[in-house]
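Data first, discussion second: the structure below is written as structure tokens.
Proteins get letters first, then strands, A, B, ... in listed order; numbering begins at 1 in each.
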Amino acid sequence: MKTEDLFEGFATLDDELLNRSEQGGHTMKKQKNLSTFIKYGSIAACLLVALGIGALLLNKNIKNTEPGNSTVVESPGADYPATIMVDNQIYALQITTTVEVDESNILGYTTSYTDGYPTQNGETNFNRTLNMPYASVEGGIAVYYENQWYLCVPK
Amino acid sequence: MTDEKIIQLFFNRNEMAIKETQQKYGAYCFHIANRILDNREDSEECLNDTWMQAWNSIPPTQPAHYNLFLAKIVRNISFNKYKEKHSQKRGRGEIALVLDELAECTAGQSDTEAVFMAGQLQQTINTFVRNLPEREGNIFIRRYFYADSIRDISKHYSISENNVRVMLNRTRNKLKIVLKEEGFVS
């Protein structure tokens with residue numbers, strides 16, 4: 001069979017098929033737009049997820065306890081390590097160490113907040129919310145924060 | 001003027017039918033002819049032959065899709081002219097590329113010429129294109145019926161030229177298999 005025969009073989013394609021090919025471009029353009037939407041939508045969704053994860057990592061040590069009001073600085077990544085002053089001693093918060101506390105050992109409640117190192121008793125630099133109880137425990141003190149007692153060791 | 005009214009003019013043997021056809025489908029048919037012939041004068045000549053053939057066919061023929069009816073006529077006339085002019089060697093332009101591509105499907109020993117029957121081949125091609133996914137089929141038709149350029153197909157369907165080439169290549173390979181199975185090529 002010659003190539004020309006094959007080309008001529010297309011001569012009697014059904015009108016329905018030919019018509020479809022003439023109209024098809026418009027339909028397919030819509031499909032393209034849809035796929036473009038899906039493509040860029042997916043990219044946008046991935047970016048949002050990436051941003052979310054990034055924000056979570058960045059704020060690993062910054063948590064809101066009260067909307068628009070309080071922020072706790074807990075980590076060495078911040079300008080100052082999370083600390084509290086009790087009996088003129090600065091204690092560093094050990095965010096990974098929780099302890100059991102007998103309420104009878106509560107020494108007092110936080111009374112102030114500072115952006116730097118605490119300079120007065122009852123002052124923290126990691127939670128703007130005041131009245132967090134702190135208690136004496138073995139190895140230092142414990143501060144009650146987000147429903148957990150965290151160990152703070154002398155700095 | 002609507003196609004129905006133009007066809008009615010043919011039935012009334014009113015020569016306005018040709019004028020109206022020229023006006024409505026002149027550019028459409030010229031595009032098809034020129035893709036094959038790549039020559040303005042030859043293409044215009046084919047257009048005149050096309051109007052004449054339409055005049056001779058209607059009546060009794062009553063085309064359901066007048067544009068496609070004309071497309072088929074102009075394609076056949078143009079390709080016959082092309083073969084006439086390029087009987088010794090392949091011409092140039094889009095059709096040369098189209099034929100080169102189709103040659104891939106007819107490659108191999110040609111032992112079927114003796115039994116080749118145009119009607120059977122047309123039936124095979126029709127069935128083959130009908131069974132293709134719609135997008136693939138449409139693009140295949142644009143290339144091998146209308147001899148549209150890769151660029152034009154790419155624009156028409158809003159896909160990259162590379163995508164068009166890949167899709168056509170894939171479809172040609174499928175056609176080659178079908179042609180082998182049906183005994184058109186060995």
Side-chain angles (χ1 to χ4, degrees), chain A residues 1-64 67-68 71 75 77-78, chain B residues 28 36 63-65 67-69 71-72 75-76 79-80 82-83 90 95 98-108 110-113 116 118-126 129-130 132 134-135 137-148 153 155-159 175 179 184-185:
Chain A
M1 181 174 59
K2 292 177 188 170
T3 306
E4 285 78 5
D5 295 331
L6 184 54
F7 183 78
E8 285 179 321
F10 284 83
T12 55
L13 276 174
D14 287 348
D15 281 5
E16 181 200 339
L17 294 172
L18 293 177
N19 210 23
R20 194 187 70 184
S21 82
E22 295 208 347
Q23 306 299 323
H26 305 295
T27 310
M28 285 166 53
K29 197 162 189 175
K30 283 176 191 166
Q31 287 172 350
K32 162 76 176 172
N33 287 342
L34 180 62
S35 71
T36 302
F37 174 77
I38 291 168
K39 179 179 163 189
Y40 289 111
S42 304
I43 291 170
C46 288
L47 278 174
L48 278 174
V49 169
L51 280 172
I53 291 170
L56 275 174
L57 289 173
L58 272 174
N59 293 326
K60 184 181 173 185
N61 305 308
I62 302 174
K63 298 181 182 177
N64 289 329
T71 302
S75 116
Chain B
Y28 172 79
I36 293 172
H65 301 99
N67 61 324
L68 303 179
F69 171 79
K72 287 176 182 179
R75 183 184 186 271
N76 285 342
F79 193 57
N80 285 337
Y82 171 85
K83 286 195 292 186
R90 191 133 307 158
I95 189 65
V98 167
L99 291 175
D100 279 346
E101 289 167 17
L102 286 178
E104 292 171 18
C105 301
T106 58
S110 177
D111 60 353
T112 57
E113 285 182 4
F116 168 72
Q120 278 184 357
L121 177 63
Q122 288 165 356
Q123 184 58 40
T124 298
I125 290 173
N126 244 318
V129 175
R130 190 174 291 283
L132 289 173
E134 184 173 335
R135 187 167 77 158
N138 286 346
I139 288 172
F140 204 61
I141 290 170
R142 295 310 311 179
R143 183 64 172 163
Y144 301 117
F145 180 88
Y146 294 97
D148 277 356
I153 295 171
K155 282 182 188 168
H156 187 70
Y157 291 101
S158 304
I159 55 176
L175 177 62
L179 291 176
F184 289 103
V185 293

Checking A/Phe7 against B/Lys83 for the side chain to side chain contact (heavy atoms under 4.5 Å, CB included) test, could you report, in this order, the C-alpha distance in whole Å, the side-chain angles of both residues, the deciding distance, and whether it holds?
CA-CA 12 Å; A/Phe7 183 78; B/Lys83 286 195 292 186; over 6 Å; no

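Of all the listed residues (B/His65, B/Arg75, B/Lys72), the one sharing the greatest number of non-hydrogen pairs under 4.5 Å with chain A is B/Arg75. Chosen from B/Gln123, B/Glu101, B/Arg142, the residue pairing most often with chain A at heavy-atom distances under 4.5 Å is B/Arg142. Top candidate by heavy-atom pairs under 4.5 Å with chain A, chosen from B/Ile153, B/Asn126, B/Asn67, is B/Asn126.
Closest approach of A/Ser21 and B/Ile141 over heavy atoms only: OG-CG2, 3.5 Å. The nearest pair of heavy atoms linking A/Leu13 to A/Leu18 is O-CD1, 3.8 Å.
There is no contact between B/Phe69 and chain A, counting heavy-atom distances below 4.5 Å. Contacts of B/Phe79 with chain A are made by side-chain atoms alone, with heavy-atom separations under 4.5 Å and no backbone atom involved.
Between A/Glu8 and B/Asn80, the closest side-chain pair of non-hydrogen atoms falls below 4.5 Å. Between B/Tyr144 and B/Val129 the shortest side-chain heavy-atom distance does not fall below 4.5 Å.
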